[in-house]
Amino acid sequence: MVGERLWRLRERLGISRGDLARAVGLDEATVWRLERGERRGSIEVVVRLARFLAEALGEDFKEVLAYLLGEPSRVEGWREPVGPVRYLTVKEAARFLGIPIWQVKQAVRSGLMRSRSRPGPRGAIMISIQEVERYAREVLDRDEHEVVYG
(Lines give C-alpha, C1' and ligand atoms only; values in the text may rest on other atoms or scores of the structure.)
Protein backbone atom coordinates (compact mmCIF):
# COMPACT_ATOMS: atom_id res chain seq x y z
CA MET A 1 0.00 0.00 0.00
CA VAL A 2 2.83 2.41 0.83
CA GLY A 3 4.64 1.86 -2.48
CA GLU A 4 2.55 3.58 -5.13
CA ARG A 5 1.51 6.38 -2.77
CA LEU A 6 5.12 7.02 -1.79
CA TRP A 7 6.09 7.14 -5.46
CA ARG A 8 3.27 9.60 -6.24
CA LEU A 9 4.27 11.97 -3.45
CA ARG A 10 7.96 11.78 -4.37
CA GLU A 11 7.18 12.48 -8.04
CA ARG A 12 4.93 15.38 -7.06
CA LEU A 13 7.88 16.90 -5.21
CA GLY A 14 10.13 16.25 -8.20
CA ILE A 15 12.91 14.67 -6.16
CA SER A 16 14.90 11.55 -6.91
CA ARG A 17 14.85 8.36 -4.87
CA GLY A 18 18.41 9.11 -3.80
CA ASP A 19 17.47 12.57 -2.53
CA LEU A 20 14.52 11.16 -0.58
CA ALA A 21 16.65 8.35 0.83
CA ARG A 22 19.37 10.75 2.01
CA ALA A 23 16.81 13.10 3.55
CA VAL A 24 15.34 10.38 5.76
CA GLY A 25 18.50 8.34 6.36
CA LEU A 26 17.71 5.34 4.18
CA ASP A 27 19.49 3.53 1.38
CA GLU A 28 18.27 4.39 -2.15
CA ALA A 29 17.64 0.68 -2.81
CA THR A 30 15.33 0.57 0.22
CA VAL A 31 13.22 3.44 -1.16
CA TRP A 32 13.15 1.70 -4.54
CA ARG A 33 11.92 -1.56 -2.95
CA LEU A 34 9.29 0.31 -0.92
CA GLU A 35 7.96 2.04 -4.03
CA ARG A 36 7.79 -1.23 -5.96
CA GLY A 37 6.01 -2.97 -3.08
CA GLU A 38 8.85 -5.43 -2.53
CA ARG A 39 9.17 -4.19 1.07
CA ARG A 40 6.48 -3.06 3.44
CA GLY A 41 8.68 -0.91 5.64
CA SER A 42 8.51 -0.71 9.40
CA ILE A 43 6.26 1.87 10.99
CA GLU A 44 9.41 3.79 12.01
CA VAL A 45 10.51 4.08 8.37
CA VAL A 46 7.03 5.09 7.18
CA VAL A 47 6.84 7.75 9.92
CA ARG A 48 10.24 9.19 8.88
CA LEU A 49 9.10 9.30 5.25
CA ALA A 50 5.76 10.88 6.18
CA ARG A 51 7.48 13.53 8.32
CA PHE A 52 9.79 14.58 5.49
CA LEU A 53 7.07 14.48 2.81
CA ALA A 54 4.61 16.44 4.97
CA GLU A 55 7.15 19.20 5.55
CA ALA A 56 8.20 19.32 1.89
CA LEU A 57 4.58 19.38 0.65
CA GLY A 58 3.37 21.79 3.32
CA GLU A 59 0.80 19.24 4.49
CA ASP A 60 -0.19 18.02 7.93
CA PHE A 61 2.01 15.12 9.09
CA LYS A 62 -0.96 13.00 10.24
CA GLU A 63 -2.71 13.42 6.89
CA VAL A 64 0.38 12.32 4.92
CA LEU A 65 0.96 9.38 7.26
CA ALA A 66 -2.68 8.30 6.87
CA TYR A 67 -2.36 8.61 3.08
CA LEU A 68 0.81 6.48 3.01
CA LEU A 69 -0.82 3.83 5.18
CA GLY A 70 -3.89 3.68 2.93
CA GLU A 71 -6.30 5.19 5.44
CA PRO A 72 -8.81 7.93 4.63
CA SER A 73 -7.02 11.24 4.28
CA ARG A 74 -7.76 14.63 2.79
CA VAL A 75 -4.44 14.28 0.89
CA GLU A 76 -5.97 11.44 -1.12
CA GLY A 77 -7.80 12.73 -4.16
CA TRP A 78 -7.16 16.36 -3.24
CA ARG A 79 -3.74 16.52 -4.85
CA GLU A 80 -3.69 13.17 -6.57
CA PRO A 81 -2.03 13.37 -9.99
CA VAL A 82 -4.40 12.90 -12.91
CA GLY A 83 -2.22 10.25 -14.52
CA PRO A 84 1.26 8.80 -14.41
CA VAL A 85 4.22 11.05 -15.09
CA ARG A 86 5.25 10.75 -18.75
CA TYR A 87 8.92 10.83 -19.66
CA LEU A 88 10.38 11.79 -23.03
CA THR A 89 13.69 10.96 -24.65
CA VAL A 90 15.89 13.83 -25.84
CA LYS A 91 14.67 13.30 -29.39
CA GLU A 92 11.01 13.37 -28.32
CA ALA A 93 11.60 16.48 -26.18
CA ALA A 94 13.30 18.25 -29.11
CA ARG A 95 10.38 17.38 -31.40
CA PHE A 96 7.88 18.54 -28.76
CA LEU A 97 9.70 21.88 -28.30
CA GLY A 98 10.52 22.36 -31.97
CA ILE A 99 14.24 22.83 -31.31
CA PRO A 100 17.34 20.84 -32.32
CA ILE A 101 18.42 17.82 -30.27
CA TRP A 102 21.76 19.46 -29.42
CA GLN A 103 19.88 22.35 -27.78
CA VAL A 104 17.97 19.97 -25.49
CA LYS A 105 21.21 18.20 -24.53
CA GLN A 106 22.84 21.57 -23.84
CA ALA A 107 19.90 22.61 -21.65
CA VAL A 108 20.24 19.40 -19.62
CA ARG A 109 24.03 19.80 -19.25
CA SER A 110 23.71 23.44 -18.19
CA GLY A 111 20.96 22.66 -15.66
CA LEU A 112 18.21 24.60 -17.43
CA MET A 113 16.28 21.35 -17.82
CA ARG A 114 16.39 18.54 -15.25
CA SER A 115 16.62 14.97 -16.46
CA ARG A 116 15.63 11.87 -14.54
CA SER A 117 16.95 8.37 -14.31
CA ARG A 118 14.08 6.29 -15.68
CA PRO A 119 13.83 2.89 -17.29
CA GLY A 120 14.58 3.13 -20.94
CA PRO A 121 17.34 2.57 -23.44
CA ARG A 122 20.75 2.23 -21.82
CA GLY A 123 22.32 5.62 -21.27
CA ALA A 124 19.25 7.52 -22.48
CA ILE A 125 18.42 10.86 -20.92
CA MET A 126 14.77 10.90 -19.87
CA ILE A 127 12.94 14.17 -19.16
CA SER A 128 9.47 14.47 -17.62
CA ILE A 129 6.83 16.13 -19.77
CA GLN A 130 6.22 18.59 -16.92
CA GLU A 131 9.89 19.60 -17.00
CA VAL A 132 9.80 20.07 -20.77
CA GLU A 133 6.70 22.26 -20.44
CA ARG A 134 8.35 24.29 -17.66
CA TYR A 135 11.43 24.80 -19.85
CA ALA A 136 9.22 25.96 -22.72
CA ARG A 137 7.40 28.49 -20.50
CA GLU A 138 10.40 29.83 -18.58
CA VAL A 139 13.25 29.69 -21.09
CA LEU A 140 11.98 29.48 -24.65
CA ASP A 141 9.19 32.05 -24.21
CA ARG A 142 11.62 34.45 -22.51
CA ASP A 143 14.22 34.04 -25.28
CA GLU A 144 11.56 34.55 -27.96
CA HIS A 145 10.73 38.01 -26.59
CA GLU A 146 14.34 39.17 -26.23
CA VAL A 147 15.75 41.31 -29.00
CA VAL A 148 19.25 40.26 -30.10
CA TYR A 149 21.49 42.91 -31.63
CA GLY A 150 24.40 41.68 -33.72
Side-chain angles (χ1 to χ4, degrees), residues 1-39 41 45-61 63-65 67-68 73-150:
M1 186 72 59
V2 172
E4 184 178 341
R5 292 168 181 245
L6 174 61
W7 174 80
R8 287 181 179 169
L9 292 177
R10 182 181 62 77
E11 285 292 315
R12 184 177 305 147
L13 284 172
I15 62 174
S16 69
R17 282 188 195 98
D19 291 341
L20 177 60
R22 282 186 291 281
V24 296
L26 296 174
D27 185 62
E28 185 175 351
T30 301
V31 174
W32 183 77
R33 287 185 186 101
L34 285 168
E35 286 183 353
R36 290 185 50 120
E38 293 178 9
R39 287 190 69 178
V45 168
V46 176
V47 166
R48 287 191 337 216
L49 288 164
R51 231 182 270 289
F52 172 79
L53 292 167
E55 185 177 323
L57 291 167
E59 293 286 343
D60 180 56
F61 162 72
E63 293 291 331
V64 173
L65 181 60
Y67 175 74
L68 285 176
S73 165
R74 71 176 176 81
V75 174
E76 185 172 8
W78 180 54
R79 290 195 181 186
E80 199 68 29
V82 175
V85 176
R86 167 96 163 95
Y87 285 84
L88 304 175
T89 64
V90 171
K91 186 177 182 179
E92 292 169 333
R95 192 176 315 127
F96 180 84
L97 294 169
I99 60 176
I101 293 172
W102 66 266
Q103 195 172 353
V104 173
K105 287 181 180 180
Q106 185 178 21
V108 169
R109 277 193 295 269
S110 66
L112 293 173
M113 195 181 317
R114 294 176 299 176
S115 62
R116 296 278 188 238
S117 166
R118 294 292 291 173
R122 184 177 296 212
I125 298 171
M126 304 300 284
I127 307 162
S128 73
I129 190 79
Q130 290 87 352
E131 181 65 14
V132 172
E133 290 171 342
R134 183 203 59 80
Y135 177 79
R137 280 191 313 274
E138 294 177 9
V139 178
L140 295 181
D141 287 346
R142 179 188 68 214
D143 291 346
E144 195 173 280
H145 297 295
E146 291 178 5
V147 177
V148 180
Y149 297 98

K.L.:
Could you tell me which non-hydrogen atom of Tyr135 sits nearest to which non-hydrogen atom of Ile99, and how far apart they are?
P.N.:
CE2-CD1, 4.3 Å
K.L.:
Donor-acceptor pair, distance only, cut-off 3.5 Å: does the side chain of Arg5 make one with the backbone of Tyr67?
P.N.:
yes
K.L.:
May I ask you to say whether Glu4 pairs ionically with Arg8, meaning some side-chain N is under 4.0 Å from a carboxylate O?
P.N.:
yes
K.L.:
Less than 3.5 Å apart, which donor and acceptor atoms pair up between the side chains of residues 21-30 and the rest of the protein, not counting sequence neighbours?
P.N.:
unit_1: Arg22; atom_1: NH1; unit_2: Gly18; atom_2: O; d: 3.4
unit_1: Arg22; atom_1: NH2; unit_2: Asp19; atom_2: OD1; d: 2.6
unit_1: Asp27; atom_1: OD2; unit_2: Ala29; atom_2: N; d: 3.2

K.L.:
How long is the span from the CZ atom in Phe52 to the CG atom in Leu57, to the nearest 0.5 Å?
P.N.:
9.0 Å
K.L.:
Just jot down the side chain to side chain donor-acceptor pair (under 3.5 Å) partners of Glu133, sequence neighbours excluded, or say none.
P.N.:
none
K.L.:
I need the Glu59 CD to Leu9 CG distance, nearest 0.5 Å.
P.N.:
9.0 Å
K.L.:
Mind checking the OG-CD spacing from Ser110 to Gln103? Nearest 0.5 Å is all I need.
P.N.:
10.0 Å
K.L.:
If we only count heavy atoms from C-beta on, is the Trp32 to Glu38 side-chain gap below 4.5 Å?
P.N.:
yes
K.L.:
Working to the nearest 0.5 Å, report the span between CD1 of Ile127 and CZ of Arg134.
P.N.:
10.5 Å
K.L.:
Of all heavy-atom pairs between Arg10 and Leu20, which one has the smallest distance, and what is that distance?
P.N.:
CD-CD2, 3.8 Å
K.L.:
Can you tell whether the side chains of Arg95 and Glu92 come within less than 4.0 Å, N to carboxylate O?
P.N.:
no
K.L.:
Can you give me the closest heavy-atom contact between Met113 and Glu131, atom names plus distance?
P.N.:
CA-OE2, 3.5 Å
K.L.:
Nearest 0.5 Å, what's the CG-CZ distance between Leu53 and Arg12?
P.N.:
10.0 Å
K.L.:
Nearest 0.5 Å, please: how far is CG in Leu65 from CZ in Arg48?
P.N.:
13.5 Å
K.L.:
Please assess Val46 against Leu34 for the test side chain to side chain contact (heavy atoms under 4.5 Å, CB included), listing each intermediate value before the final yes or no.
P.N.:
CA-CA 10 Å; Val46 176; Leu34 285 168; 5.9 Å; no
K.L.:
Could you walk me through whether Met126 and Leu88 pass the side chain to side chain contact (heavy atoms under 4.5 Å, CB included) check?
P.N.:
CA-CA 5 Å; Met126 304 300 284; Leu88 304 175; over 6 Å; no
